[in-house]
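Protein chains get the first letters and strands the later ones, always in sequence-line order, with residue 1 at the start of each. Just so it is clear, the structure is predicted and the values come from calculations on it, not from any experiment.
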Amino acid sequence: MNLAAIFPFEYPLPTAFYLFWYVLTLVIHVVFMNYVLGGVTYLGLSSLAGRPNRNELALMLRDWMPFAIGVAITAGVAPLLFIQILYQKAFYTANLLLFHRWMIILPILIIGFYLTYLLKAKKVADWSYPVRVLLGLASFACFAFIAYSWTENYLLSMESQDQWAAFYGSSDIMYDNAAKLPRLGVWFLGAFATMGMLVGWQLWYKDQHENVKLVSILAIIGLFGSAGCAYIYKGMVDAHFPAGPYLYLGIACWGAQLGLWLVQLAKAKFSGMLLTLISVVCPLGIVGMTVVREQVRLAAIDLEPLYPLHKAAMGVAGIVCFLFFFLLNAGLILYIFRLVKKNWIGPEMEAE
Amino acid sequence: MTHYSSFLADVVYFPLNDFGPAMKGMIIGGLGIFHVFVAQFAIGGGLLMCYFQWLAMTGREPHARQFLDGFYKVLVLISFVIGAVTGVGMWFTSIQISPVTIGVMIDQFHWLWATEWTFFCLEVGAGYAFYRYAKYLNDKARLTLLIFYAFAAWMSLFWINGILAFQLTPGGWHDDNTALWQGFFNPTYFPTLFFRTVTCMVIASLAACVVINAMPGLEREDRRRLILRCAHFMVTIVLMPVFGLWFLAVIPADSRSWVMGGSAAMTMFANISIGATILIGGYAVIGLFMQRLYINGATATLLMALAFGATAGGEFVREGIRKPYTIRKELYSNSITPDQVATLREIGSVTQDPYPVRNQEQYPNEQVILGQKVYRFQCSVCHTIEGANGLMHLTGAWDVDMLRKNIAKLQQLKTFMPPFSGNAQELEALVQRIDWQNEGQPDTWPVSNDPAVLEQNKKWLDDAGTQPGWPKALAKSE
Ligand code: HEM
């Protein structure tokens, strides 16, 4: 196997180094972001039903949503850091061109965040139908808009200098690009499969199996929907679309997930074995798709002039410090699990 | 010279935005003050909770646990949501205001920022575990979680403080761009770290007083005892003058001169900050600590508002005294480096700017459009046309020759401004753009291209030179 032909090794070492960190941290962000997107979409849509949704899935999602948002945001900070080293001007330019449109995601994130705390409150179930629907749909809309904004920013960052200048001159607020929706669809619908994996574990841990079919069906619909959108998107960016190991990895993991969820669908309970297998192929599939996503951008942006800068960035001190605290704090976070388990004096642990 | 950041090698043009009547500094400053206040509340809150957990464990304070549970909910709702999102907001806003500054800083400090990020993760992990499970855990585990949380929160201050202090006093790093740690542990690092730590403790104790007053089921005497416990934290405020004076002693002489009367606005803001701190300190030390007074919710809220005012004044001063730089001696506020000025004087500052002026039909001729472009690139980061710090207000009574001369010698006009970085034609275009506005924006406006005028412009520019301005009275201190 020719290693030099495989992402990110086809790039000089410093560039490959930052691409590696970027993709790794983005994958972590995507996993939690998917839980948020899939979760608020399900909660939002199910609020349309007449009675408050009190099934195990909805209760679990509501309970954990604020935490998942906190983690998704925190996990977003790391790729936000690396993208600035990798693409610099392109990323900043897209941010500046979108201006108010971009900045508005901050208040929307705050509103969406608080709405999920509110949704968690037990008394919401006693509120009237229109208010419940409003709350559910509003929190869904907030996060859908944030996801949309990231997609818009990504696509705009790949345009040429002339197109940027024309967009700036036009004072337009929204960036018009037909690829926006199918691209967003890839993430949005794919989110159900990742959410299924995470919430599947949560329900399995608590021995709650009432919604095993629902979770499986959501994951399967998500997988099909995401593949359909990916196909449409591919047609739009054909010139830049890579065929290579990561695409095949993505497709293979997609197929494997589909198969595993179909098996899970036929079972009455969440299976630890199936969830374990899904937990291998789902993140791997995300890695595949995230690399493909990056390759599309790398084909559109000329990165070569930035090579010396990546090299210079790699030369600055601090990485040892980072690695030290990365390991230390990862260790402390793991220790927290142990600490909580060992010092539990409340009722049976499962109750929580 | 090799550059550690592309942004220092060549001028990079961005599609700069106009914030209407608001100065860009007001946008980043406004959000910054808010974010800093919330973040300091979270850090101090972590430390305060460790103290109360210890009081609970040692039986020193029977209601400590009850306080902890109430206070923690407030902390989570404010700091986990607003703190986290405004933190990301600071980043986004910095990009909007000065992508070059943030780009240079990222190139230099990304691993330290990444290190800070690992502490965010720990903060979220420990904080959330406490939020969810504290009621089911024994005291030892509760204290451990709180220590993790407080440690992580304070460490995020530890890291970001070095990066912010660096912008004003890069220290030994300035001579050796590879000496990252010298830049990080720079002359203002420790005074600001200690100062901010005390601020965190004071803000958190004030917030705690508000919470204690709002907590149900407590007798007045119980509340009083809890408040007096908080006062122990608050008295650290007496250390502030020490750290403040230390800071003042190590900042550059010109920066110091702004706060000591050189700039009316900065002196005023510094005094507001000091005045508000003295009021809070007086109440905390004399009223609470010495006379063991009770503080009700309204007074506590008022003191919080004063603390917010003090923070606002302090942050304004911190941002202001960096001028004309965003990174001292490396990068001017308008994203031009001192090394680039001479080149831009030759080739023109916006000759290569690919972004057109918006709404060109509003302007009477090409020269005024060029002037607008020069204004956008060189001035708009600190000025507006008609709004805050507006050029119309500043130059409204000047005649055209005064405009020409003063702008050509910008760094001498006020040493907190960078040198003008364009050629004689651009200077004239900017002058015409401002004058056209001052004259009420008539539909037609003559093009000013008299060779004698351009010659005079060039002479003034040459006289001013390309170096930053420096007050003569401080000549020895540079
Ligand atoms: C919980 C709310 C959020 C949602 C739903 C969300 C969603 C998304 C989506 C859908 C993408 C992929 C865009 C695409 O490839 O078309 C993305 C990418 C990304 N997100 Fe998030 N995001 C959220 C919050 C954040 C926050 C707060 C940050 C920063 C701290 C962040 C950082 C990033 C970064 C750096 C990327 C990659 C952008 C690029 O490569 O151009 N996200 N996010």
- Message: Does any backbone or side-chain atom of B:Leu137 lie under 4.5 Å from a heavy atom of chain A? Answer side chain, backbone, both or neither.
- Response: both

- Query: Donor-acceptor pair, A:Tyr168 side chain versus B:Leu16 backbone, under 3.5 Å?
  - Reply: yes

- Note on the structure: Okay, B:Phe92 and chain A: the region with an atom under 4.5 Å from a heavy atom over there is both

- Query: Which of the residues B:Trp181, B:Phe119, B:Phe148, B:Phe184 is involved in the greatest number of heavy-atom pairs with chain A at under 4.5 angstrom?
  - Reply: B:Phe119

- Task: Against chain A, work out which of B:Ile82, B:Ile102, B:Thr115 has the most heavy-atom pairs shorter than 4.5 Å and name it.
- Result: B:Thr115

- Message: Looking only at side-chain N and O atoms, does A:Gln84 offer a donor or acceptor that is under 3.5 Å from a partner on B:Trp113?
- Response: no

- Residue B:Asp18 versus chain A: region with a heavy atom under 4.5 Å: backbone

- Task: Determine whether more than 12 heavy atoms belonging to other residues, nucleotides or ligands lie under 6.0 Å from atom CZ of A:Phe17.
- Result: yes

- Given a strict heavy-atom distance threshold of 4.5 Å, which part of B:Ala126 is in contact with chain A: side chain, backbone, both, or neither? both

- Task: Cation-pi check, B:Arg132 to A:Phe67: give yes when NZ or CZ is under 6.0 Å from the six-membered ring centre and within 45° of the ring axis, no otherwise.
- Result: no

- A:Trp64 vs B:Tyr128 aromatic rings, parallel, tilted or perpendicular, using cut-offs 30° and 60°? tilted

- Item | Between B:Trp159, B:Phe109, B:Tyr13, the one whose heavy-atom pairs under 4.5 Å with chain A are most numerous | B:Trp159

